[in-house]
S.K.: 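First, the structure itself, so that you have it in front of you.
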Amino acid sequence: MTRYTPECANGTLFLVAEGDRFEVGAVDDIVDAVGGDVHSIEYDQKQQTQPWLETEDGVLEIDVREVVTTLPHTGELVSELREYDTETDRYGLPRRSVEFADRLVDILEQQGTQTSANGGQQ
């Protein structure tokens with residue numbers, strides 16, 4: 001499985017694998033699309049018993065800029081992002097950046113509690 005590692009140049013995020021360098025967009029736009037520099041993940045009481053989770057209130061604050069610039073991604077994600085260009089807007093930001101931010105939030109949220117469609121916790 002090909003893993004793409006993030007690389008930043010002049011404030012632009014690229015995902016890089018052997019022989020491929022894919023432009024995602026401006027890091028600032030991605031951070032804006034996520035909702036800001038900090039993203040909070042809430043853990044339920046059972047998850048809070050995990051020794052690696054060091055939080056007193058069940059909430060872990062993630063530095064979005066750090067995650068955007070350090071978290072590697074799959075080739076599948078890059079293939080999906082290729083469907084979107086950087087010229088069209090969504091919410092006033094480049095569509096590709098917004099799609100990447102949406103998938104990043106999904107990845108982060110899978111680490112904490114999730115609410116199912118019927119309102120129950122998964």
Side-chain angles (χ1 to χ4, degrees):
M1 176 190 326
T2 302
R3 297 294 289 180
Y4 281 75
T5 57
E7 179 181 295
C8 288
N10 299 321
T12 300
L13 176 69
F14 296 88
L15 296 176
V16 180
E18 187 173 325
D20 191 18
R21 187 170 193 251
F22 177 72
E23 181 180 344
V24 178
V27 173
D28 288 343
D29 288 344
I30 296 165
V31 170
D32 287 346
V34 169
D37 286 316
V38 177
H39 180 79
S40 298
I41 300 174
E42 186 175 334
Y43 292 88
D44 63 27
Q45 285 189 327
K46 183 178 179 184
Q47 292 171 320
Q48 291 178 44
T49 62
Q50 299 299 315
W52 55 266
L53 183 60
E54 296 178 12
T55 176
E56 293 180 20
D57 58 0
V59 177
L60 185 64
E61 292 189 344
I62 304 294
D63 182 327
V64 172
R65 197 168 297 273
E66 179 182 340
V67 170
V68 165
T69 58
T70 59
L71 184 68
H73 296 281
T74 64
E76 181 181 350
L77 173 71
V78 172
S79 292
E80 291 172 11
L81 292 174
R82 287 185 197 281
E83 295 178 22
Y84 306 101
D85 64 35
T86 59
E87 302 301 320
T88 57
D89 285 352
R90 185 169 191 189
Y91 312 121
L93 298 169
R95 177 85 188 253
R96 183 181 294 167
S97 299
V98 172
E99 295 296 334
F100 176 79
D102 286 349
R103 287 176 178 75
L104 183 64
V105 169
D106 289 345
I107 292 167
L108 295 175
E109 292 298 323
Q110 289 174 9
Q111 307 306 310
T113 58
Q114 294 182 348
T115 303
S116 66
N118 63 10
Q121 300 249 324
Q122 296 179 351

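All values derive from a computational prediction rather than experimental measurement.
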S.K.: Could you pull out the closest heavy-atom pair between D29 and P94, with the gap in Å?
M.R.: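 Taking every non-hydrogen atom into account, OD2-CD, 3.5 Å.
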S.K.: Decide whether a cation-pi geometry holds between R95 and Y84; the criteria are a distance under 6.0 Å from NZ or CZ to the six-membered ring centre and an angle within 45° of the ring axis.
M.R.: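 No, R95 and Y84 do not form such a contact.
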S.K.: Please list, chain by chain and in numerical order, all residues satisfying salt bridge (charged side-chain N to carboxylate O under 4.0 Å, His left out) with D102, sequence neighbours excluded.
M.R.: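 D102 satisfies salt bridge (charged side-chain N to carboxylate O under 4.0 Å, His left out) with no other residue.
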S.K.: If I compare all heavy atoms of S97 with all of A26, which pair ends up nearest, and what's the gap?
M.R.: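 Looking at all heavy atoms of both residues, the closest pair is OG-N, 4.2 Å.
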S.K.: What distance do L93 atom CG and D28 atom CG have between them, rounded to the nearest 0.5 Å?
M.R.: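 Separation between the atoms: 10.5 Å.
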S.K.: Drop me the distance from E99's CD to E80's CD, to the nearest 0.5 angstrom.
M.R.: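 CD of E80 is found 9.5 Å from CD of E99.
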S.K.: Of the non-hydrogen atoms in S40 and E109, which two are nearest, and what is the gap between them?
M.R.: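 Closest approach of S40 to E109: O-OE2, 4.0 Å.
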S.K.: If hydrophobic clusters are built from ILVMFWY residues whose side chains come within less than 4.5 Å, do I107 and V27 share one?
M.R.: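 Yes, because I107 and V27 connect within a single hydrophobic cluster, where side-chain heavy atoms sit under 4.5 Å apart.
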S.K.: Is there a path of hydrophobic side-chain contacts, each under 4.5 Å between heavy atoms, that joins V16 and V78?
M.R.: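 Shared cluster, no.
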S.K.: For a quick check under 3.5 Å, do D32 and Y91 share a side-chain donor-acceptor pair by atom type?
M.R.: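 No - no donor-acceptor pair under 3.5 Å links their side chains.
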S.K.: Check whether V98 and V34 end up in the same hydrophobic cluster, where Ile, Leu, Val, Met, Phe, Trp and Tyr are linked by side-chain heavy atoms less than 4.5 Å apart.
M.R.: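 The answer is no; the residues belong to distinct hydrophobic clusters.
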S.K.: Quick one: are L15 and P6 in side-chain contact, heavy atoms under 4.5 Å?
M.R.: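 Touching, per the 4.5 Å side-chain cut-off.
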S.K.: Is R96 salt-bridged to E23, cutoff N-O under 4.0 Å?
M.R.: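 No, this pair does not count.
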S.K.: Are V68 and F14 linked, directly or through intermediate hydrophobic residues, by side-chain heavy-atom contacts shorter than 4.5 Å (ILVMFWY only)?
M.R.: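 No, because F14 and V68 fall into different hydrophobic clusters, even though each may have its own neighbours under 4.5 Å.
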S.K.: To the nearest 0.5 Å, how far apart are NE2 in H39 and CG in L60?
M.R.: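 It is 10.0 Å, given to the nearest 0.5 Å.
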S.K.: Among F22, Y4, F100, which one satisfies ring-ring contact (aromatic ring centres under 6.0 Å, His included) with H73?
M.R.: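 Per the ring-ring contact (aromatic ring centres under 6.0 Å, His included) rule, the option paired with H73 is F100, out of F22, Y4, F100.
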S.K.: So, taking the atom named CG in L108 and the one named CG in L71, what distance separates them when rounded to the nearest 0.5 Å?
M.R.: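 The CG atom of L108 sits 7.5 Å away from the CG atom of L71.
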S.K.: Might you confirm whether atom CD of E7 has over 12 heavy atoms from other residues, nucleotides or ligands at distances under 6.0 Å?
M.R.: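 Result for CD/E7: enclosed.
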S.K.: Does I30 share a hydrophobic cluster with V38, counting links as ILVMFWY side-chain heavy atoms below 4.5 Å and allowing steps through other members?
M.R.: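 I30 does not cluster with V38.
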S.K.: Heavy atoms only: give me the nearest A33-A101 pair and the separation to one decimal.
M.R.: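 Nearest pair, atom of A33 first, then A101: CB-CB, 3.5 Å.
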S.K.: When rounded to the nearest 0.5 angstrom, what is the spacing between CZ in R82 and CG in L77?
M.R.: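 Those atoms lie 10.5 Å apart.
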S.K.: Identify the two heavy atoms, one from P72 and one from R3, that lie closest to each other, and give their separation to 0.1 Å.
M.R.: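 Shortest heavy-atom separation between P72 and R3 comes out as O-NH2, 3.4 Å.
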S.K.: As an exercise, state the distance from CZ of R65 to CG of L13, rounded to the nearest 0.5 Å.
M.R.: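 Atom-to-atom, R65:CZ and L13:CG are 11.0 Å apart.
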